[in-house]
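These notes concern the structure reproduced below.
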Amino acid sequence: MTLTETGPASTDVLTSNGHRLDPGPRRLGRLEPVPQTERHDRAALRHRLARDGYLFLPGFLDRETILAFRRHYFTALAGTGILEPGTDPQAGKAAYGRRDLEAMRRVLFREIVPGPEYEALCRHPRIVAFYRWLLGGDDLHLHRRKLIRHIGPGESGIGTATQAHYDLVYLRQGTDKVLSSWIPLGDCPLERGPLIYLEGSHHRVRAEEAAGTLRHPAASITADLPALAEEYDTRWLVADFEAGDMMVHGAHIIHASLDNVDPQGLYRLSTDIRYQSSAEVIDPRWQNHWHANDGL
């Protein structure tokens, strides 16, 4: 898809859970990368995070490190029928035949998620050093519950793409100062279904939280992203991501994901991990490895 100064070209169609996003400039825009002049200015990054709710850091991690983990992930799952036979696992080309879902869950939750390769990625020295610097202390906590997902092209309908939500609704027993990193594990152009953000939504969410309109239990807001943009009178912000890019966002900004309609038939693979200061209250429910029945 063609990404212009204001968003995708008018001929491009972006959908999320089957809902078509309004391509006009009032409802669709671009994520703003952190310029190199601010990358080492902590005050500037904190100001940007408070103002925008996110930090877009292109090229933050080494591309080859990310691609090596992508290869590891799909190699581990190759025997479950999710990959087209004879293709390079690093490419992540989806197969459309029968898949062994039980084997896939077993490999994912027993091997990949608790595995040393994934732990090393989530504790990459550059990520750890960045959060220590940004949060202002060495006493850092990585939530053990870390999520990694692959979404195939053509997988659509309610519940496939990530619905609109903000992270605090899932982390109510801890601090609201937790920060999330969303990391695409491979190139993730718009057609592959990356994460998108509702511009300025964290300001309204903070106000509603302060007013006591809490969301219990944890729940997404909606799958109808166009209607939510109308309600908030704002834009969905999008970007074409490359392997090595990293997003950082706070607990209040609303985000979601697009559908994967990749014409090459490639999986979107991504992970989201969460760091905070150990001095802040830690949600105890997030201190176990992610598994299919953890209820969060």
Side-chain angles (χ1 to χ4, degrees), residues 30-70 116-148 166-168 170-171 173-186 188 194-195 197 199-203 205-206 237 239 241-255 270-284 286-287 289-290:
R30 291 169 52 128
L31 287 165
E32 181 181 344
V34 175
Q36 290 294 333
T37 54
E38 292 184 17
R39 287 287 185 100
H40 303 289
D41 185 335
R42 183 165 58 188
L45 289 189
R46 287 176 172 176
H47 172 75
R48 181 179 286 269
L49 187 59
R51 182 192 69 196
D52 299 340
Y54 70 87
L55 301 173
F56 177 20
L57 301 167
F60 181 84
L61 296 165
D62 176 67
R63 177 179 178 86
E64 294 309 314
T65 297
I66 297 300
L67 294 180
F69 182 83
R70 182 179 177 90
E117 295 86 357
Y118 186 40
E119 188 71 13
L121 176 70
C122 298
R123 294 186 182 273
H124 190 285
R126 180 124 199 233
I127 297 176
V128 172
F130 172 80
Y131 275 114
R132 282 177 172 162
W133 172 73
L134 184 65
L135 294 173
D138 292 337
D139 200 8
L140 194 66
H141 178 77
L142 168 65
H143 287 260
R144 196 177 190 192
R145 185 178 188 267
K146 307 178 293 290
L147 284 71
I148 182 168
Y166 58 98
D167 288 352
L168 187 61
Y170 298 98
L171 290 152
Q173 295 183 25
T175 180
D176 67 355
K177 296 181 177 63
V178 63
L179 294 176
S180 299
S181 278
W182 182 80
I183 305 171
L185 300 174
C188 194
L195 217 61
Y197 292 81
E199 185 177 30
S201 56
H202 58 302
H203 298 298
V205 168
R206 281 187 177 276
L237 302 179
F241 293 93
E242 297 182 355
D245 294 351
M246 184 171 80
M247 289 294 300
V248 174
H249 64 258
H252 299 89
I253 190 166
I254 296 172
H255 51 286
S270 64
T271 186
D272 46 294
I273 61 177
R274 289 163 179 84
Y275 275 93
Q276 66 171 81
S277 168
S278 296
E280 302 287 346
V281 178
I282 296 171
D283 192 324
W286 284 69
Q287 308 321 308
H289 286 305
W290 175 45

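The analysis underlying the following values was restricted to heavy atoms, covering all of them including side chains, and did not include hydrogens, waters or symmetry mates.
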By salt bridge (Lys or Arg N to Asp or Glu O under 4.0 Å) - contacts of D272 (at least two apart): R149, R274
I'd like to check the salt bridge (Lys or Arg N to Asp or Glu O under 4.0 Å) partners of R70; sequence neighbours left out, ordered by chain and number. none
Would you indicate whether the side-chain heavy atoms of L45 and V248 approach each other to under 4.5 Å? no
Please list, chain by chain and in numerical order, all residues satisfying side-chain hydrogen bond (donor to acceptor under 3.5 Å, both in side chains) with H143, sequence neighbours excluded. Q276, Q287
Y166 vs H202, test: side chain to side chain contact (heavy atoms under 4.5 Å, CB included). Steps then yes/no. CA-CA 8 Å; Y166 58 98; H202 58 302; over 6 Å; no
Can you tell if the side chain of P284 reaches within under 4.5 Å of the side chain of Q173, non-hydrogen atoms only? yes
Kindly indicate, with the supporting measurements, whether the criterion side chain to side chain contact (heavy atoms under 4.5 Å, CB included) is fulfilled by I66 and L121. CA-CA 8 Å; I66 297 300; L121 176 70; 3.9 Å; yes
Among all residues two or more places apart in sequence or in another chain, which pass the salt bridge (Lys or Arg N to Asp or Glu O under 4.0 Å) test with R63? D187
Suppose we screen for side-chain hydrogen bond (donor to acceptor under 3.5 Å, both in side chains). Which residues come up paired with D176, at least two apart in sequence or across chains? none
Heavy-atom side-chain proximity of L179 to L49 below 4.5 angstrom: yes
Mark yes or no for whether T271, through its side chain, and I183, through its backbone, hold a donor-acceptor pair below 3.5 Å. no
Listing request: all salt bridge (charged side-chain N to carboxylate O under 4.0 Å, His left out) pairs with a residue in residues 120-129, at least two apart in sequence or in separate chains. E119-R123
Using the side chain to side chain donor-acceptor pair (under 3.5 Å) rule, collect all pairs that involve residues 34-45, keeping only residues at least two apart or in two chains. E38-R48
Apply side chain to side chain contact (heavy atoms under 4.5 Å, CB included) to residues V178 and I282 and explain how you reach the verdict. CA-CA 9 Å; V178 63; I282 296 171; over 6 Å; no
Taking D52 for the side chain and Y54 for the main chain, is one N or O donor matched with an acceptor at less than 3.5 Å? no
Considering all heavy atoms, the nearest S270-P184 contact: CB-CA, 4.1 Å
With sequence neighbours excluded, residues passing ring pair (Phe, Tyr, Trp, His ring centres under 6.0 Å) with H255: H165, Y197, H249
Donor-acceptor pair, side chain of W182 and main chain of I273, under 3.5 angstrom: no
Under the side-chain contact (heavy atoms from CB on, under 4.5 Å) test, residues paired with D139 that sit two or more places apart: S278
Partners of H252 by ring pair (Phe, Tyr, Trp, His ring centres under 6.0 Å), sequence neighbours excluded? none
In terms of heavy-atom contacts, L147 and W290 come closest through CA-CE3, 3.8 Å
pair V205-I253: side-chain heavy atoms closer than 4.5 Å: no
Taking the side chain as every heavy atom from C-beta outward, state whether L142 and C122 have any atom pair closer than 4.5 Å. yes
Once side-chain hydrogen bond (donor to acceptor under 3.5 Å, both in side chains) is applied, do any residues pair with H289, and if so which ones, sequence neighbours excluded? R144
Evaluate the side chain to side chain contact (heavy atoms under 4.5 Å, CB included) criterion for residues I127 and M246: first the C-alpha distance (whole Å), next the side-chain angles of each, then the deciding distance (0.1 Å), finally the verdict. CA-CA 10 Å; I127 297 176; M246 184 171 80; 4.2 Å; yes
Heavy-atom check, side chain of L61 versus side chain of H124, under 4.5 Å: yes
Looking only at the side chains, is there a donor atom on one of Y275 and S180 sitting less than 3.5 Å from an acceptor on the other? no
In residues 128-138, what donor-acceptor pairs under 3.5 Å come from side-chain atoms, sequence neighbours left out?
from : atom 1 : to   : atom 2 : distance (Å)
Y131 : OH     : S181 : OG     : 2.6
R132 : NE     : D138 : O      : 3.4

